[in-house]
Amino acid sequence: MGQPDDMFGDDDYPAYTMGRAAEITGASQDFLRRLDEAKLITPSRSAGGHRRYSRYQLRLAARAREMVEQGTALEAACRIIILEDQLDEALRQNENYKRQQEAGA
């Protein structure tokens, strides 16, 4: 495990409480719970059972809030965000593959 200062620089480190996450994303705590139920984000749990969110999860939550405010149904917004995330990951993997191929050529 890294030093505490190192962990806060990690996009996947669950540093934010539900209240702080709601404040940062401009969403209600209920909305964050609904994102968990919809399986868009699954927050970590503290030893006491409280939800903890990472910066990556906050970005997804903020994107979902924006889409819902623009009239997209929550379930559809979650599916779109998941597909966008999968596409981004596939593009990153493809780029890494190309770099490896170029380095080996």
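What you see is a predicted model, and the numbers here were worked out from it, not measured in a lab.
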Is the closest side-chain donor-acceptor distance between Tyr53 and Asp36 under 3.5 Å? no
Considering all heavy atoms, the nearest Ala38-Cys78 contact: CB-SG, 3.8 Å
Going by atom type alone, with no hydrogens or angles, which donor-acceptor pairs under 3.5 Å involve a side-chain atom of residues 60-72 and a protein atom two or more places apart or on another chain?
unit_1 : atom_1 : unit_2 : atom_2 : d
Arg63  : NE     : Glu84  : OE1    : 3.4
Arg63  : NH2    : Glu84  : OE2    : 3.0
Arg65  : NE     : Thr25  : O      : 2.5
Arg65  : NH1    : Glu69  : OE1    : 3.0
Arg65  : NH1    : Glu69  : OE2    : 3.1
Arg65  : NH2    : Thr25  : O      : 3.4
Thr72  : OG1    : Met67  : O      : 3.4

Are the side chains of [Y] and [X] in contact, using a 4.5 Å heavy-atom criterion?
| X | Y | result |
| --- | --- | --- |
| Arg20 | Glu23 | yes |
| Arg55 | Tyr16 | yes |
| Leu32 | Arg51 | no |

Any chance you could measure [X], atom [atom1], to [Y], atom [atom2], to the nearest 0.5 Å?
| X | Y | atom1 | atom2 | result |
| --- | --- | --- | --- | --- |
| Asn96 | Leu91 | CG | CG | 11.0 Å |
| Ile81 | Arg79 | CD1 | CZ | 12.0 Å |
| Leu40 | Gln57 | CG | CD | 9.0 Å |
| Gln86 | Asp88 | CD | CG | 10.5 Å |
| Leu35 | Glu37 | CG | CD | 9.5 Å |
| Asp85 | Ile80 | CG | CD1 | 13.5 Å |

Across all chains, not counting sequence neighbours, the side-chain contact (heavy atoms from CB on, under 4.5 Å) partners of Ala90 are none
Do NZ/NE/NH1/NH2 and the carboxylate oxygens of Arg92 and Glu95 come within less than 4.0 Å? no
